[in-house]
Amino acid sequence: MPTILGQNQYGKAENRVVRITRDGDTHHIKDLNVSVALSGDMDDVHYSGSNANVLPTDTTKNTVYAFAKEYGIESAEQFGIHLARHFVTSQEPIQRARIRIEEYSWDRIATSDNNSKFIGSDEVNHSFVRKGQELRTTQITFDGEKWEIISGLKDLTVMNSTNSEFWGYVKDKYTTLKEAYDRILCTDVSAAWRYNWTSDDDRMPNWEKSYEQAKKHILQAFAETYSLSLQQTLYQMGSRVINSRSEIDEIRFSLPNNHHFLVDLEPFGLKNDNEVYFAADRPYGLIEATILRDGVEPKIPVDMTNL
């Protein structure tokens, strides 16, 4: 049977780039993992092996590092926009560029108040500790006319030690789970939100502020929702972001339910009054949903791990 070429793309994945900005003795770090995927007039390289339209992936890697120097890294989104625009506008065969970026955050190390002047301990502004909270993400797609920016975070672990229940669910002959009226609610938040900025003619959002505010609303909604289900909490988290940030039209969550089970201490003559739990890493419930501004069509892929 004859075959035809379907969707295709190529690029250099996971280019680790660290940009140090030196403001006198005070230094600032941007630490990114950048993946480039390009598509367009690429039929010949698949059918005949002709590389006439192929920009080498090694060149895309070099561009990442050169742009870090030439333009700096104001934000992951802005850096990705520079890259996507360059690839689409500088190479005629390339009609679409997708830039995926993960950002690793660092905190400045607070120095001691002692009298040591070995290197000026009260003036150190170049020492950092890697944040362990979450990984910031963004995906920039450009087709020469329209932009699509989907940013987010993953591995943001949160826990409520009370104000969570789970009862009134369907039961059948295989149900063994006991209803809970005071339980631990814990999850690793993965979220992706889509900006309604799509054109260079419109005012660009403040990417850094938007990220921090979206994260703040996610955390506040998690903390302030008396939860009867993780689904309810997810909806409140998404609604808080949509209602508070006019530049965001859609947000998708993937929330594992990190189960904490009360340990039976009766064999030891001890009463477990909601104090000692077994933290199970698997299996886990997985709750996923998209929250949209009313009237907006969903565009975030249900599974963003491919294409």
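By convention here, the first residue in the shown sequence is residue 1. No hydrogens, no waters, no symmetry mates; every other heavy atom, side chains included, goes into these values.
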What distance separates [X] [atom1] from [Y] [atom2], expressed to the nearest 0.5 Å?
{"X": "T3", "Y": "H46", "atom1": "OG1", "atom2": "NE2", "answer": "12.0 Å"}
{"X": "S75", "Y": "E103", "atom1": "OG", "atom2": "CD", "answer": "8.0 Å"}
{"X": "S105", "Y": "F128", "atom1": "OG", "atom2": "CZ", "answer": "12.0 Å"}
{"X": "E70", "Y": "H86", "atom1": "CD", "atom2": "NE2", "answer": "9.0 Å"}
{"X": "N33", "Y": "E14", "atom1": "CG", "atom2": "CD", "answer": "4.5 Å"}
{"X": "L270", "Y": "E275", "atom1": "CG", "atom2": "CD", "answer": "10.0 Å"}

Pair [X]-[Y], side-chain donor/acceptor within less than 3.5 Å:
{"X": "T175", "Y": "Y169", "answer": "no"}
{"X": "T233", "Y": "T225", "answer": "no"}
{"X": "E247", "Y": "S210", "answer": "yes"}

In terms of hydrophobic clusters joined by side-chain contacts under 4.5 Å, are [X] and [Y] together?
{"X": "M159", "Y": "L262", "answer": "yes"}
{"X": "Y277", "Y": "L230", "answer": "no"}
{"X": "V296", "Y": "I300", "answer": "no"}
{"X": "I94", "Y": "I81", "answer": "yes"}
{"X": "I251", "Y": "Y235", "answer": "yes"}

Is any side-chain heavy atom of [Y] closer than 4.5 Å to one of [X]?
{"X": "Y104", "Y": "L135", "value": "yes"}
{"X": "R16", "Y": "D31", "value": "yes"}
{"X": "V263", "Y": "L265", "value": "yes"}
{"X": "D23", "Y": "N125", "value": "no"}
{"X": "S151", "Y": "Y211", "value": "no"}
{"X": "I149", "Y": "W193", "value": "no"}
{"X": "Y226", "Y": "N163", "value": "yes"}
{"X": "V64", "Y": "F79", "value": "yes"}

Under the side-chain hydrogen bond (donor to acceptor under 3.5 Å, both in side chains) rule, collect the residues that match up with [X], sequence neighbours excluded.
{"X": "S190", "answer": "none"}
{"X": "D281", "answer": "none"}
{"X": "W207", "answer": "none"}

**OP:** Name the orientation class of the two ring planes belonging to H82 and Y71 (parallel below 30°, tilted from 30 to 60°, perpendicular beyond 60°).
**Re:** parallel
Neighbour count >12 (heavy atoms, 6.0 Å) for atom [atom1], [X]:
{"X": "E145", "atom1": "CD", "value": "no"}
{"X": "E92", "atom1": "CD", "value": "no"}
{"X": "R282", "atom1": "CZ", "value": "no"}
{"X": "K216", "atom1": "NZ", "value": "yes"}
{"X": "Q220", "atom1": "CD", "value": "yes"}
{"X": "K209", "atom1": "NZ", "value": "no"}

**OP:** Let me see the working for Q236 and E224 under side chain to side chain contact (heavy atoms under 4.5 Å, CB included), right down to the final yes or no.
**Re:** CA-CA 9 Å; Q236 292 300 320; E224 295 170 7; over 6 Å; no
**OP:** Give the C-alpha distance, both sets of side-chain angles, the deciding distance and a yes or no for side chain to side chain contact (heavy atoms under 4.5 Å, CB included) between N243 and H217.
**Re:** CA-CA 10 Å; N243 291 331; H217 291 301; over 6 Å; no
Using only atom types and a distance under 3.5 Å, with no angle test, would you say the side chain of [X] pairs donor to acceptor with the backbone of [Y]?
{"X": "E77", "Y": "T138", "result": "no"}
{"X": "R108", "Y": "H27", "result": "yes"}
{"X": "N15", "Y": "V34", "result": "yes"}
{"X": "N8", "Y": "G6", "result": "yes"}

Subject >> Pairs involving residues 178-187, ordered by first then second residue, that meet salt bridge (Lys or Arg N to Asp or Glu O under 4.0 Å) (sequence neighbours left out) >> reply: K171-E179
Please give me the minimum heavy-atom distance between [X] and [Y], naming the atom from each residue.
{"X": "D202", "Y": "W197", "answer": "O-NE1, 3.2 Å"}
{"X": "Q139", "Y": "T141", "answer": "NE2-OG1, 4.0 Å"}
{"X": "T187", "Y": "F222", "answer": "CG2-CE1, 4.2 Å"}
{"X": "I140", "Y": "A84", "answer": "CG2-CB, 4.1 Å"}
{"X": "V17", "Y": "A68", "answer": "CG2-CB, 3.8 Å"}
{"X": "L38", "Y": "A97", "answer": "CD2-CB, 3.8 Å"}

Original post:
Given D188 and N258, is the side chain to side chain donor-acceptor pair (under 3.5 Å) satisfied, shown in steps?
Top reply: CA-CA 8 Å; D188 304 313; N258 298 336; 3.2 Å; yes
Listing, residues 287-295 side-chain donor-acceptor contacts under 3.5 Å, not counting sequence neighbours, or none:
unit_1, atom_1, unit_2, atom_2, d
E288, OE2, S254, OG, 2.9
T290, OG1, R252, NH1, 2.8
R293, NE, D249, OD1, 2.9
R293, NH1, I242, O, 3.3
R293, NH2, I242, O, 3.0
R293, NH2, R245, O, 3.0
R293, NH2, I248, O, 2.5

Original post:
Is a salt bridge present between K30 and E208, judged by a nitrogen-to-oxygen distance below 4.0 Å?
Top reply: yes
Original post:
Do R136 and E212 meet the salt-bridge criterion of a basic N to acidic O distance under 4.0 Å?
Top reply: no
**OP:** Walk me through it: do L219 and L156 pass the test side chain to side chain contact (heavy atoms under 4.5 Å, CB included)?
**Re:** CA-CA 9 Å; L219 291 175; L156 179 64; 3.8 Å; yes
Subject >> All salt bridge (Lys or Arg N to Asp or Glu O under 4.0 Å) counterparts of D58, not counting sequence neighbours >> reply: K61
Original post:
Going through the distances and angles, do N53 and V45 end up as a side chain to side chain contact (heavy atoms under 4.5 Å, CB included)?
Top reply: CA-CA 8 Å; N53 287 348; V45 68; over 6 Å; no
